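Accompanying notes for the structure given below.
Here, residue 1 is the first one in the sequence, and each next residue gets the next number. Atom set for the values below is all heavy atoms of this structure, side chains included, hydrogens, waters and symmetry mates excluded. Counting convention: from 1, in listed order, for ligands and their atoms alike. Predicted model only: the values in this text are computed from it and were never measured.
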Amino acid sequence: MSIIIAVDGHSSCGKSTLAKGLAKQLHYLYGDSGAMYRAVTLYFLNNMVNYHDLDAVTQALEKIKIRFKRIEGQNTTFLNDENVEREIRTMRVSEHVSPVSTIPVVRRAMVKQQQIMGQKRGIVMDGRDIGTVVFPDAELKIYLTADPDVRTSRRHLELAAKGIDADWNDIKHNLLERDRIDSTRFDSPLRQAEDAVVIDNTLLSEEEQLELALRFALERGAKM
Ligand code: DC
């Protein structure tokens, strides 16, 4: 049986690492919902769309096409046929993505596409509202959390590995600010689904958290 696995939690607490690991082990699709909000944000910034103007946002959304392709084994984000995988991870986009993702018309458009990706089940999707709004019927919902300093250091390393130089304190400030906006917004705030299992990975290695999550997935009906 193919199931849906929702992975939600704060910024940079290892959601994508866990979701990609699960997808690989189970031969499932991986859905990076954050990349979609990042791609929309990049479009708004590059095309000078004032995201406080609802008409401008609605018109711009019609011109945005987001696709994922696998390139050299990596999930890669395309915005209107341009590879934007690297650009959507920069601080420039990180600084605007939380306000952009509070906009209900943006959320509606993204959620619709995400639900289409999960129509056949067999998907692991990470984000903020996957277990609560996108796939409320997911067989497994994981809510990930970790200490903020540990999250900042992981993010710093991840950016450095991509050749992006960012200040540790700026990263921490951005993470906490995004947590605040994501958790307090009116439309689909980040919150733990009632039926989610919580994993605090502060003291867990990537392998340990994957092993734990895989066990939950097999218990909920996934097959290796
Ligand atoms: O997972 P990420 O850090 O790449 O996500 C970037 C931003 O997108 C995050 O600050 C909040 C928003 N987001 C969201 O509102 N809902 C989702 N399902 C995924 C991301």
Side-chain angles (χ1 to χ4, degrees), residues 4-20 23 29-45 51 57 61 64 66 68 74-77 79 84-118 123-136 138 141-146 148 151-152 154-159 162 164 166 170-193 196 201:
I4 292 183
I5 303 176
V7 181
D8 289 302
H10 290 117
S11 294
S12 292
C13 61
K15 297 186 297 292
S16 70
T17 305
L18 176 62
K20 282 178 199 163
L29 203 63
Y30 163 59
D32 182 350
S33 70
M36 299 172 75
Y37 291 96
R38 287 174 179 273
V40 169
T41 304
L42 180 66
Y43 183 93
F44 289 174
L45 293 174
Y51 58 75
V57 167
L61 281 172
I64 297 177
I66 301 166
F68 294 107
Q74 301 295 323
N75 193 61
T76 308
T77 313
L79 169 61
V84 292
E85 186 54 38
R86 189 172 182 283
E87 229 184 322
I88 58 170
R89 313 286 166 193
T90 57
M91 288 298 277
R92 173 175 169 249
V93 171
S94 295
E95 275 161 14
H96 292 272
V97 65
S98 276
V100 166
S101 62
T102 63
I103 306 168
V105 281
V106 171
R107 301 207 68 81
R108 238 174 289 141
M110 296 304 109
V111 168
K112 205 165 145 193
Q113 286 195 35
Q114 291 153 9
Q115 288 173 335
I116 291 171
M117 288 170 75
I123 188 169
V124 189
M125 188 173 283
D126 69 342
R128 306 293 187 289
D129 61 341
I130 310 305
T132 52
V133 175
V134 181
F135 300 125
K141 299 177 186 178
I142 296 172
Y143 190 83
L144 263 194
T145 177
R151 286 157 52 198
T152 305
R154 288 180 187 157
R155 184 88 184 138
H156 192 243
L157 275 176
E158 191 184 300
L159 288 174
K162 287 186 177 161
I164 301 171
D170 288 350
I171 296 174
K172 183 171 179 187
H173 178 264
N174 175 260
L175 289 188
L176 296 180
E177 186 56 12
R178 283 200 286 138
D179 287 352
R180 187 188 65 75
I181 299 175
D182 298 345
S183 312
T184 56
R185 67 180 174 222
F186 175 72
D187 189 341
S188 354
L190 166 67
R191 62 177 179 81
Q192 185 191 323
N201 67 21

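For K141 (side chain) and P136 (main-chain N/O), a donor-acceptor pair under 3.5 Å exists by modelled atom type. Here the side chain of S101 pairs a donor or acceptor atom with the backbone of S98 at under 3.5 angstrom. With hydrogens and angles disregarded, no donor-acceptor distance shorter than 3.5 Å links the side chain of N201 to the backbone of A146.
Only the side chain of R185 comes within 4.0 Å of ligand 1, counting heavy atoms alone; its backbone N, CA, C and O stay farther away. The proximity of D8 to ligand 1, defined as any non-hydrogen pair under 4.0 Å, does not occur for either the backbone or the side chain.
In the vicinity of S98, heavy-atom distances shorter than 4.0 Å reach the ligand 1 atoms 10 (O). Near I130, the atoms of ligand 1 lying under 4.0 angstrom from a non-hydrogen atom of the residue are 18 (N). Close contacts of ligand 1 with D182, meaning ligand atoms under 4.0 Å from a residue heavy atom, involve 9 (C), 10 (O), 11 (C).
Protein heavy atom in closest approach to atom 19 (C) of ligand 1: S33 OG, 3.3 Å. Summary of contacts: the protein heavy atom closest to atom 12 (C) of ligand 1 is S101 OG, 3.5 Å. For atom 4 (O) of ligand 1, the closest heavy atom belonging to the protein is R38 NE, 2.7 Å. What sits closest to atom 18 (N) of ligand 1 on the protein, heavy atoms only, is D129 OD1, 2.8 Å.
For the residue pair S16 / D126, no side-chain donor-acceptor distance below 3.5 Å is found, with atom types taken as modelled.
Residues H10 and Y143 meet the side-chain proximity criterion, which asks for heavy atoms closer than 4.5 Å. By the 4.5 Å heavy-atom criterion applied to side chains, V93 and R89 are not counted as neighbours.
Not a single heavy atom of M110 lies less than 4.0 angstrom from ligand 1. Ligand 1 is approached by R107 to a heavy-atom distance shorter than 4.0 Å.
Salt-bridge annotation for R38 and E87: absent, with no side-chain N of the basic residue lying under 4.0 Å from a carboxylate O of the acidic one.
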Trace of the side chain to side chain donor-acceptor pair (under 3.5 Å) decision for R128 with S11: CA-CA 9 Å; R128 306 293 187 289; S11 294; 3.0 Å; yes
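The heavy atom nearest to atom 1 (O) of ligand 1, considering only K15, H96, R128, is found in R128. Atom 3 (O) of ligand 1 has its nearest heavy-atom neighbour, among Q114, R155, R178, in R178.
The side-chain contact (heavy atoms from CB on, under 4.5 Å) test with S188 singles out one residue from T102, D129, D182, and that residue is D129.
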